[in-house]
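These numbers come from the heavy atoms of this one structure, side chains and all, not from hydrogens, waters or symmetry mates. Counting begins at 1 with the first residue of the sequence.
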Amino acid sequence: MTSAIPPGFHGTAAAAGIDLTGRTALVTGAGSGIGRACATALAGAGAHVHVVDIDAAAAGAVAEAVGGRAHVVDLAQAAPVEELPAEVDILVNNAGLQHVAPLTEFPPDRFELLQRVMVQAPFLLLRRILPHMYARSWGRVVNISSVHGLRASAYKAGYVTAKHALEGLSKVTAVEGAPHGVTSNCVNPGYVRTPLVERQIAAQAAAHGIDPDRVVTEVMLGRSAVKRLIEPEEVAAAVLWLCGPHTGYLTGASIPLDGGWTAA
């Protein structure tokens, strides 16, 4: 199985020519995977980063590594979300979870949980943070969506529904935020090498009695032209670019980092 950042890849702020000194960022689900990579990239560009995660140890470790501040929050609960910092210039809605089951067997409580974490929490954060962005006439909202925000797969009703809703929320934010210098975009990766996906690989391998490499190549990458998982640092590089000086006219977009999945 091939999965690595291509030779010559430079995802650093210096390579991208991006300086976020004086900016404050908030990244949800920042304790691991894409969130951790985003927190690292934004801090590397000079931003002060609020690291939000349900895992206290993970949030603390990332915050210490990037010189940021950890917030241990269960995003499925509205009240703690309302207590997160409001003076934020860059909001990265990344936190998510997965549940796989046929529609007829999908547990309603799990479906609701996915919507609370991946739709309600971003909505509440936007209500809290946008006034600060508007007051400063500058803001960047980046929603970590998915190729499943653009396409559907069987057995993922909760996840696909949540990501499609996040796409709509992002577009409304773009339309309302434009007069205030605020952009809002989605980044839509295919399967990313994260703990969430690693667990899916192991579960699929056990369920089908096949080698994990076959799960990746035959199941996960079956629709992708590029036959490797994307790395968290590659997603973070796109997030960082969206916060840079040349993307002020780019808003309301969905950027597919899907290896050609949606091209076919």
Main-chain N/O of [Y] paired with [X] side-chain donor or acceptor, under 3.5 Å:
{"X": "T28", "Y": "V52", "value": "no"}
{"X": "T194", "Y": "V197", "value": "yes"}
{"X": "N188", "Y": "S146", "value": "yes"}
{"X": "N143", "Y": "N93", "value": "no"}
{"X": "T217", "Y": "D213", "value": "yes"}
{"X": "T21", "Y": "G46", "value": "no"}

Would you kindly confirm whether [X] and [Y] end up in one hydrophobic cluster when ILVMFWY residues are joined by side chain heavy atoms under 4.5 Å apart?
{"X": "V92", "Y": "W241", "value": "yes"}
{"X": "L240", "Y": "V141", "value": "no"}
{"X": "I18", "Y": "I255", "value": "yes"}
{"X": "V66", "Y": "L91", "value": "no"}
{"X": "F123", "Y": "I144", "value": "no"}

Does the ring centre of W138 sit less than 6.0 Å away from the ring centre of H132?
-> no
Taking the six-membered ring for Trp and the full ring for Phe, Tyr or His, determine whether the centres of F106 and H99 are under 6.0 Å apart.
->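 Under 6.0 Å, so yes.
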Determine the minimum heavy-atom distance between [X] and [Y], stating which atoms define it.
{"X": "Y159", "Y": "L114", "value": "N-CD2, 3.3 Å"}
{"X": "Q120", "Y": "A78", "value": "NE2-CB, 4.1 Å"}
{"X": "A47", "Y": "A25", "value": "CB-CB, 4.5 Å"}
{"X": "S145", "Y": "P189", "value": "O-CD, 3.7 Å"}
{"X": "A165", "Y": "V119", "value": "CB-CG2, 3.7 Å"}
{"X": "S153", "Y": "H148", "value": "OG-NE2, 2.6 Å"}

For a 4.5 angstrom cut-off between non-hydrogen side-chain atoms, does [X] reach [Y]?
{"X": "R193", "Y": "E198", "result": "yes"}
{"X": "L42", "Y": "V27", "result": "yes"}
{"X": "Y191", "Y": "I201", "result": "no"}
{"X": "L221", "Y": "L229", "result": "yes"}
{"X": "P85", "Y": "L26", "result": "yes"}
{"X": "T183", "Y": "L250", "result": "no"}
{"X": "D258", "Y": "S224", "result": "no"}
{"X": "I54", "Y": "L75", "result": "no"}

From CA spacing to verdict: side chain to side chain contact (heavy atoms under 4.5 Å, CB included), I34, V192 = CA-CA 8 Å; I34 296 171; V192 186; 3.9 Å; yes
Return the [atom1] to [atom2] distance between [X] and [Y], rounded to the nearest 0.5 Å.
{"X": "N185", "Y": "L242", "atom1": "CG", "atom2": "CG", "answer": "5.0 Å"}
{"X": "M118", "Y": "L169", "atom1": "CE", "atom2": "CG", "answer": "13.0 Å"}
{"X": "R36", "Y": "D53", "atom1": "CZ", "atom2": "CG", "answer": "10.5 Å"}
{"X": "R140", "Y": "R23", "atom1": "CZ", "atom2": "CZ", "answer": "8.0 Å"}
{"X": "T251", "Y": "K171", "atom1": "OG1", "atom2": "NZ", "answer": "10.0 Å"}
{"X": "W261", "Y": "R151", "atom1": "CH2", "atom2": "CZ", "answer": "9.5 Å"}

Atom CD of E87 with >12 non-hydrogen neighbours under 6.0 angstrom | no
Begin from the C-alpha positions of E105 and Y155 and carry the test side chain to side chain contact (heavy atoms under 4.5 Å, CB included) through to its verdict.
-> CA-CA 9 Å; E105 301 172 14; Y155 312 125; over 6 Å; no
Salt bridge or not for D89 and R136, using N-O below 4.0 Å?
->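 Judged by the 4.0 Å cut-off on N to carboxylate O distance, D89 and R136 do form a salt bridge.
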Electrostatic pair E112:R116 at N-O distance under 4.0 angstrom = yes
When you look at E234 and R228, which way does the salt bridge (charged side-chain N to carboxylate O under 4.0 Å, His left out) test go after all the steps?
-> CA-CA 13 Å; E234 294 176 275; R228 68 172 179 87; 2.8 Å; yes
For residues 55-83, pull every pair meeting side-chain hydrogen bond (donor to acceptor under 3.5 Å, both in side chains), keeping only residues two or more places apart or in separate chains.
->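 Matches after skipping sequence neighbours: H50-H71.
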Start with the C-alpha distance between T24 and I90, add both sets of side-chain angles, then the distance that settles side chain to side chain contact (heavy atoms under 4.5 Å, CB included), and finish with yes or no.
-> CA-CA 6 Å; T24 298; I90 298 164; over 6 Å; no
Please step through salt bridge (charged side-chain N to carboxylate O under 4.0 Å, His left out) for the pair E167 and K163, ending with a clear verdict.
-> CA-CA 6 Å; E167 295 277 333; K163 291 301 188 183; over 6 Å; no
